[in-house]
Asker: 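One structure, pasted below without further comment.
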Protein chains: 2
Amino acid sequence: MSYTADSLKAELNARGWRLTPQREKILNIFQNLPEGEHLSAEELHHRLEEEKEKISLSTVYRSVKLMSRMGILRELELAEGHKHYELQQASPHHHHHVVCVQCNRTIEFKNDSILKQSLKQCEKEGFQLIDCQLTVTTICPEAIRMGWPSTLPSNWACTRSISLA
Amino acid sequence: MSYTADSLKAELNARGWRLTPQREKILNIFQNLPEGEHLSAEELHHRLEEEKEKISLSTVYRSVKLMSRMGILRELELAEGHKHYELQQASPHHHHHVVCVQCNRTIEFKNDSILKQSLKQCEKEGFQLIDCQLTVTTICPEAIRMGWPSTLPSNWACTRSISLA
DNA sequence: ATGCATGCAAACACTTTGCATTCTC
DNA sequence: GAGAATGCAAAGTGTTTGCATGCAT
């Protein structure tokens with residue numbers, strides 16, 4: 001599901017909302033994001049600044065929320081205390097997350113049957129599906145090797161956690 | 001997986017931690033919670049006050065976090081902006097959630113294959129599973145009937161949302 | 001022209017933390 | 001007795017909101 005300025009406008013207008021330069025730029029950032037990356041509101045704000053786009057943080061927050069409710073973005077609640085956003089991907093790219101409680105390292109995986117089962121559940125109850133996310137909470141191999149949880153220094157983090165956004 | 005004071009103590013001590021009256025009382029609240037109910041830290045704090053247990057809010061927060069990391073509690077990240085906790089249930093009681101973005105109404109459902117697939121994914125990567133949660137984001141029938149999203153007054157909420165904790 | 005959207009700053013809710021004290025092991 | 005845990009108050013974080021102004025429709 002790839003949006004153009006026009007299709008975004010159409011979808012916004014259909015709901016009485018408007019296409020603004022800010023919303024267009026935000027969508028753009030997400031469309032140019034490498035597969036598998038997701039941004040927090042603050043990260044998105046930085047990204048926009050880097051591209052010389054002056055958009056206030058409030059507008060960033062308002063936009064990602066709106067676009068998530070529209071089903072354009074996907075709101076991820078991983079274990080980091082703040083939300084991340086990515087483009088909502090159609091079925092073949094739909095994925096889920098494995099998260100380590102120790103270092104917050106996140107791994108993605110695809111699994112179509114989870115979406116299928118969510119759909120089934122929605123139909124059964126008369127709900128309309130927007131998204132489904134499986135979050136698998138785990139301890140990563142590095143932490144296990146370090147003897148999690150007893151022998152772990154309280155501020156130790158797995159080395160690979162640096163790969164996290 | 002039902003805990004007694006003794007088994008809780010054993011599990012804490014094994015990690016160099018201690019059994020305190022506070023932790024015991026908190027576990028108790030969860031064990032007496034009707035199936036399907038989950039509490040936020042604040043709600044848990046209220047519940048404790050109602051039972052004449054004076055436990056500081058900080059301790060409540062520290063305890064639920066600790067017990068979640070130990071796998072005794074399950075930390076739920078639904079759509080309400082704050083975390084909820086419930087006893088971690090063994091496989092037959094393991095469940096997932098359907099949440100309405102409009103009213104936050106939450107419905108539970110069970111599905112063993114999701115846990116199985118999460119386990120499979122963990123084994124493949126060498127991760128140790130603590131929990132897996134499927135959150136299905138939806139629009140509930142009431143909101144659809146009201147014409148979500150365009151014709152919905154901005155402060156309208158589905159009537160059934162009152163059933164939410 | 002209407003009224004939705006923005007930007008700013010201030011407010012917010014939830015959660016975490018420092019430190020002296022208390023209690024478990 | 002050593003060190004973990006508590007309670008309090010204060011600080012922190014990510015997020016939301018009120019309001020005047022600007023802009024898309």
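Lettering of chains follows the sequences in order, A, B, ..., and the numbering in each one begins at 1. In this text the structure is predicted, and so the values were computed from the model without any measurement.
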Asker: Look at the side-chain N and O atoms of A:T20 and state whether any lies under 4.0 Å from the OP1 or OP2 oxygen of D:dC23.
Answerer: no
Asker: Can you measure B:I55 atom CD1 to C:dC23 atom P for me and round it to whole angstrom units?
Answerer: 14 Å
Asker: Will you find, in the side chains of A:E86 and A:H95, an N or O donor that is under 3.5 Å from an N or O acceptor?
Answerer: yes
Asker: For B:R18 and for B:S63, find the nucleotide of DNA chain D with the closest heavy atom, then tell me which residue's nucleotide is more 5'.
Answerer: B:R18
Asker: On DNA chain C, check which nucleotide each of A:L12 and B:L19 is closest to and give me the residue with the more 5' one.
Answerer: A:L12
Asker: So, A:S63 side chain and A:T59 main chain: donor-acceptor pair closer than 3.5 Å or not?
Answerer: yes
Asker: Mapping B:N13 and B:Y85 to their closest nucleotides on DNA chain C, which lands nearer the 5' end?
Answerer: B:Y85
Asker: Indicate, with a heavy-atom threshold strictly under 4.0 Å, whether A:R62 touches base, sugar-phosphate, or nothing.
Answerer: base
Asker: Is a donor on one side and an acceptor on the other found under 3.5 Å between the side chain of B:E75 and the backbone of B:K83?
Answerer: no
Asker: Would you mind telling me which of D:dT16, C:dC4, C:dT16 lies closest to the side-chain atoms of A:K65?
Answerer: D:dT16
Asker: Round to the nearest Å and state the distance from A:K9 atom NZ to D:dC23 atom P.
Answerer: 17 Å
Asker: Suppose we call two aromatic rings close when their centres sit under 6.0 Å apart. Are B:H84 and B:H97 close by that rule?
Answerer: no
Asker: Could you check which of D:dT6, C:dC4, C:dC8 has an atom nearest any side-chain atom of A:S56?
Answerer: C:dC8
Asker: Both A:L57 and B:L57 contact DNA chain D. Which one's nearest nucleotide lies toward the 5' end?
Answerer: B:L57
Asker: OP1 or OP2 of C:dT15 sitting under 4.0 Å from any side-chain N/O of B:Y61?
Answerer: yes
Asker: Would you say C:dG7 has OP1 or OP2 under 4.0 Å from some side-chain N or O of A:Q22?
Answerer: yes
Asker: Tell me what A:S58 touches on the nucleic acid: a base, only sugar-phosphate, or nothing, going by heavy atoms under 4.0 Å.
Answerer: base
